[in-house]
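This is a predicted model, so every value here is computed, not measured.
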Amino acid sequence: SCAGATDSSNPYGTPALPRKSIPFSIPAGAVVELHGNIYRDGGTGVPASYTSPNNITVNGTASAPVFVRGASASDKPKIIAGWSVGGAYAIFENLEFADADGNLTTGPAGKFSIGSPSDHLVLRDSDVHGNLLGGGVAVASWTTALTHDIVIYNNMVHDNGDMASTADQDAHGIFVGPNVNHIWIIDNTSTRNSGSGIVVNAGSGRNADTHHIYIGRNHAYNTQQAGIGIKQSSDVIISQNTVHDILTNPSTAGGSPSKGIGFQY
């Protein structure tokens with residue numbers, strides 16, 4: 001929104017002449033610093049998500065990782081709408097994801113998703129909150145490509161979905177889906193989500209597809225279904241988490257009784 005901001009002939013941006021948008025493909029070694037309200041203008045002036053087919057791809061390497069970040073923990077940009085990211089060797093930090101319209105009932109929800117193929121990606125020190133329709137953090141591959149070596153560290157994930165919904169809404173705080181392996185979910189707080197605080201679910205018959213998951217030192221409370229719920233997966237460790245005040249899901253399909261940690265299938 002800065003006066004004069006432009007993407008035209010402005011590949012990098014400066015504080016005096018910032019870019020208006022984030023490049024869809026970010027090269028190795030790049031540092032992308034974000035300020036203000038961040039969204040993709042889909043041509044209508046209405047905030048739009050950086051999601052398929054407009055995903056963000058990071059092309060970092062072990063020696064030249066990508067950083068996408070806010071200025072500091074106390075100066076987070078507000079990303080209104082969701083992101084879907086993929087690629088390799090990148091750190092996303094000091095970001096706030098929020099709903100697009102402010103009234104919580106329409107428009108894209110604040111969500112951060114890691115898709116495939118992806119490896120060596122980190123989301124840390126960020127705040128993720130959606131709207132009554134959904135939101136949260138997701139790590140999954142909906143193709144045959146793998147997503148692996150992922151860290152979700154020290155994030156606040158909250159207010160995703162409608163806590164008063166009588167449907168089985170499944171707006172989880174942190175979701176791990178199919179074709180994911182070697183992921184660390186550490187030191188996060190997950191609260192006021194209409195699904196579980198943290199859930200692992202590769203899908204029916206896919207126990208071997210999602211594996212080697214470490215869930216440690218997280219705080220999950222005041223959420224529905226389960227504080228931590230483990231479904232189809234293998235080699236999962238849950239250690240040193242604090243889980244309390246889990247609510248019974250009032251689903252018309254029979255609901256889900258409250259439980260701190262649950263294992264199914």
Going by atom types only, do Thr143 and Ser116 share a side-chain donor-acceptor pair under 3.5 Å? yes

Under a 4.5 Å cut-off applied to non-hydrogen side-chain atoms, are Thr147 and Asn179 in contact? no

Is there a path of hydrophobic side-chain contacts, each under 4.5 Å between heavy atoms, that joins Leu121 and Val180? yes

Before you tell me yes or no, could you show the steps for Ile91 and Val66 under side chain to side chain contact (heavy atoms under 4.5 Å, CB included), namely the whole-Å CA-CA distance, both residues' side-chain angles and the distance that decides it to 0.1 Å? CA-CA 6 Å; Ile91 296 92; Val66 168; over 6 Å; no

Correct closest heavy-atom pair for Gly70 and Pro77 would be CA-CD, 3.4 Å

Please report the shortest heavy-atom distance between Tyr50 and Ser21, naming the atom on each side. OH-CB, 3.5 Å

Result for side-chain contact (heavy atoms from CB on, under 4.5 Å) between Lys231 and one of Asn201, Thr210, Val176 points to Asn201

Is it the case that one hydrophobic cluster holds both Ile56 and Tyr39, taking links as side-chain heavy atoms less than 4.5 Å apart, direct or via other members? no

Do other residues, nucleotides or ligands put more than 12 heavy atoms under 6.0 Å from the OH atom of Tyr12? no

Do you know the tightest heavy-atom contact between Ser118 and Gly115? OG-O, 2.7 Å

Ser113 versus Thr51: any side-chain heavy-atom pair under 4.5 Å? no

On a heavy-atom basis, the closest approach of Asn188 and Tyr153 is OD1-C, 3.5 Å

Asn59 vs Ser25, side-chain hydrogen bond (donor to acceptor under 3.5 Å, both in side chains): CA-CA, chis, key distance, verdict: CA-CA 7 Å; Asn59 301 285; Ser25 182; 3.0 Å; yes

Atom pair NE2 (His244) and OH (Tyr221), whose distance is rounded to the nearest 0.5 Å: 6.5 Å

Rounded to the nearest 0.5 Å, what's the gap from CD on Gln240 to CG on Asp187? Could you check? 9.5 Å

Can you name the nearest heavy-atom pair linking Ser194 to Gly161, along with the distance? OG-CA, 3.7 Å

Would you call Val151 and Arg124 a side-chain contact if the rule is heavy atoms closer than 4.5 Å? no

Without hydrogens or angle criteria, can the side chains of Ser72 and Ser74 be said to hold a donor-acceptor pair below 3.5 Å? yes

Got a second to check how far Arg40's CZ is from Asn54's CG, nearest 0.5 Å? 4.0 Å

Go through Asp159 and Arg192 one step at a time and tell me if the salt bridge (Lys or Arg N to Asp or Glu O under 4.0 Å) criterion holds. CA-CA 5 Å; Asp159 295 287; Arg192 298 190 300 277; 2.7 Å; yes

Is there side-chain contact between Asp170 and Gln225, with at least one heavy-atom pair below 4.5 Å? yes

Could you grab the distance from atom OH of Tyr89 to atom CG of Asp149, nearest 0.5 Å is fine? 7.5 Å

Distance-only, no hydrogens or angles: does the Asn218 side chain make a donor-acceptor pair with backbone N or O of Ile185 under 3.5 Å? yes

Is a side-chain donor-acceptor pair under 3.5 Å present for Asn193 with Asn160? yes

Do His148 and His182 have ring centres separated by under 6.0 Å? no

Short question: side chain of Ser141, backbone of Pro178 - any donor-acceptor pair under 3.5 Å? no

Can you name the one residue among Val200, Ile183, Ile261 that meets side-chain contact (heavy atoms from CB on, under 4.5 Å) with Ile215? Val200

Going only through I, L, V, M, F, W and Y residues with side-chain contacts under 4.5 Å, is there a path from Val68 to Val31? no

Short question: side chain of Gln169, backbone of Asp162 - any donor-acceptor pair under 3.5 Å? yes

CA sep, side-chain torsions, deciding dist, call: Leu247, Ser258, side chain to side chain contact (heavy atoms under 4.5 Å, CB included): CA-CA 5 Å; Leu247 308 179; Ser258 62; 5.7 Å; no

Measuring from atom CD1 of Ile79 to atom CG of Asp99, what distance do you get when rounded to the nearest 0.5 angstrom? 13.5 Å

Please check if the side chain of Thr191 supplies one atom and the backbone of His158 the other of a donor-acceptor pair under 3.5 Å. no

Let's go through Asn155 and Val137 carefully: what are the C-alpha distance in whole Å and the side-chain angles of both, what is the deciding distance for side chain to side chain contact (heavy atoms under 4.5 Å, CB included) to 0.1 Å, and is it a yes or a no? CA-CA 10 Å; Asn155 302 286; Val137 175; 5.8 Å; no

Determine yes or no for a side-chain-to-main-chain donor-acceptor pair under 3.5 angstrom, with Thr6 supplying the side chain and Gly4 the backbone. no

Could you go through Met163 and Asn222, starting from their C-alpha distance and side-chain angles, then the distance that decides it, and tell me whether this counts as side chain to side chain contact (heavy atoms under 4.5 Å, CB included)? CA-CA 9 Å; Met163 291 288 288; Asn222 195 21; 4.1 Å; yes

Ignoring hydrogens and angles, tell me if any N or O in the side chain of Asn241 forms a donor-acceptor pair with the backbone of Ser239 under 3.5 Å. yes

Within the structure provided, determine whether Val58 and Val85 are in side-chain contact (heavy-atom separation under 4.5 Å). no

What about Val236 and Ile152, same hydrophobic cluster or not, with Ile/Leu/Val/Met/Phe/Trp/Tyr joined at side-chain heavy-atom distances under 4.5 Å? yes

For Arg19 and Asn10, indicate whether the former's side chain and the latter's backbone hold a donor-acceptor pair under 3.5 Å. yes

Indicate yes or no for a side-chain donor-acceptor contact from Ser49 to the backbone of Gly82 under 3.5 Å, with no hydrogens or angles considered. yes

Locate the shortest heavy-atom distance separating Ala109 from Asn131; write the atom from each residue and the value. CB-OD1, 3.4 Å

Taking only residues two or more places apart in sequence, or in another chain, which ones meet His35 in a ring-ring contact (aromatic ring centres under 6.0 Å, His included)? none

Can you classify the ring geometry of Trp83 versus Phe112 as parallel (below 30°), tilted (30 to 60°) or perpendicular (above 60°)? tilted

Using side-chain heavy atoms (C-beta onward) and a distance below 4.5 Å, is Val157 in contact with His172? no

To the nearest 0.5 Å, atom CZ of Phe92 lies from atom OG of Ser126 at 10.0 Å

Hey, does the side chain of His129 reach the backbone of Ala98 with a donor-acceptor pair shorter than 3.5 angstrom? no

Would a single hydrophobic cluster contain both Val199 and Val139, if residues Ile, Leu, Val, Met, Phe, Trp and Tyr are joined by side-chain heavy-atom contacts under 4.5 Å? no

Is a salt bridge present between Asp7 and Lys20, judged by a nitrogen-to-oxygen distance below 4.0 Å? no

Enclosure of Lys259 NZ (heavy-atom neighbours >12, cutoff 6.0 Å): yes

Ignoring hydrogens and angles, tell me if any N or O in the side chain of Asn55 forms a donor-acceptor pair with the backbone of Gly86 under 3.5 Å. no

